[in-house]
Amino acid sequence: MLQRIQTIWTLLAVLAAVFLFITGQDVVISDSIPLLNISCIALVIIGALSIFSFKNRKRQILLNTISIIINALLIGVLAYWLLNLSGGIQFPEKGIEPIFPLMAVICLLIANVYIRKDERLVKSVDRLR
């Protein structure tokens with residue numbers, strides 16, 4: 001069912017990846033590989049797969065965990081990028097790009113909590129039959 005609360009949290013994480021894709025166009029980590037764009041597209045695809053695999057909760061948890069790992073790596077890469085920019089670490093001069101993966105991690109963790117709660121509920125109902 002798409003109307004569950006974990007779908008909303010996963011959708012918020014996907015929106016954070018989309019916003020990172022939009023605002024991260026000035027981020028140059030590697031000259032040859034557009035690392036940020038590839039990872040944002042992968043996060044959107046994994047998030048969409050997670051949203052539409054609502055019948056298989058274990059797959060949903062696995063996909064959300066993969067997204068959490070990718071977002072954690074993005075936080076590290078973007079923090080490295082911020083520290084290597086000229087002008088110090090003053091936020092008015094620099095972008096807000098590391099905020100989006102952090103928000104996505106928090107949303108995905110909350111979504112996993114609700115997915116596990118649904119899994120426990122289904123198992124308890126199956127025991128009663």
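Bear in mind that the values here come from a model prediction, so they are computed numbers and not experimental data. Residue numbers count from 1 along this sequence.
Side chains of Thr23 and Phe100 form a contact here, defined as non-hydrogen atoms less than 4.5 Å apart. For the pair Leu36/Leu78, a side-chain contact is recorded, criterion being any heavy-atom separation below 4.5 Å from C-beta on. Side-chain contact between Leu20 and Pro101 is present, with at least one heavy-atom pair separated by less than 4.5 Å. Side-chain contact between Phe54 and Gln6 is absent, with no heavy-atom pair separated by less than 4.5 Å. Contact check for Ile115 versus Glu119: no side-chain heavy atoms found under the 4.5 Å cut-off. Side-chain atoms of Thr10 and Leu63, non-hydrogen and from C-beta on, never get closer than 4.5 Å to each other.
Ile68 contributes atom CD1, which lies 10.0 Å from atom CD1 of Ile61 (distance to the nearest 0.5 angstrom). To the nearest 0.5 Å, atom CG of residue Asn64 and atom CD1 of residue Ile69 are 11.5 Å apart. Going from atom CD1 of Ile66 over to atom OG of Ser50 covers 10.0 Å, rounded to the nearest 0.5 Å. Separating the CZ atom in Phe21 from the CG atom in Leu15 is a distance of 14.5 Å, to the nearest 0.5 Å. Note that CG of Asn71 is 10.5 Å distant from CE of Met103, once rounded to the nearest 0.5 Å. For the atom pair CG (Leu35) and CG (Leu74), the distance works out to 7.0 Å, reported to the nearest 0.5 Å.
Contact between Ala111 and Trp9 at its shortest, heavy atoms only, is CB-CB, 3.7 Å. Pairing each heavy atom of Ala48 with each of Val14, the nearest pair is N-CG2, 4.3 Å. Counting all heavy atoms, side chain and backbone alike, Ser67 lies closest to Leu43 at O-CD2, 3.8 Å. Taking all atoms of both residues into account, the shortest heavy-atom contact from Cys40 to Ala17 is SG-O, 3.7 Å.
Applying side chain to side chain donor-acceptor pair (under 3.5 Å) to Asp118 and the options Arg4, Gln60, Arg57, Lys123 leaves one that passes, Arg4. Between Ile70 and the options Ile75, Val105, Ile46, a side-chain contact (heavy atoms from CB on, under 4.5 Å) holds for only Ile46.
Taking hydrophobic clusters as Ile, Leu, Val, Met, Phe, Trp and Tyr residues chained together by side-chain heavy-atom distances below 4.5 Å, Leu73 does not share a cluster with Ile106.
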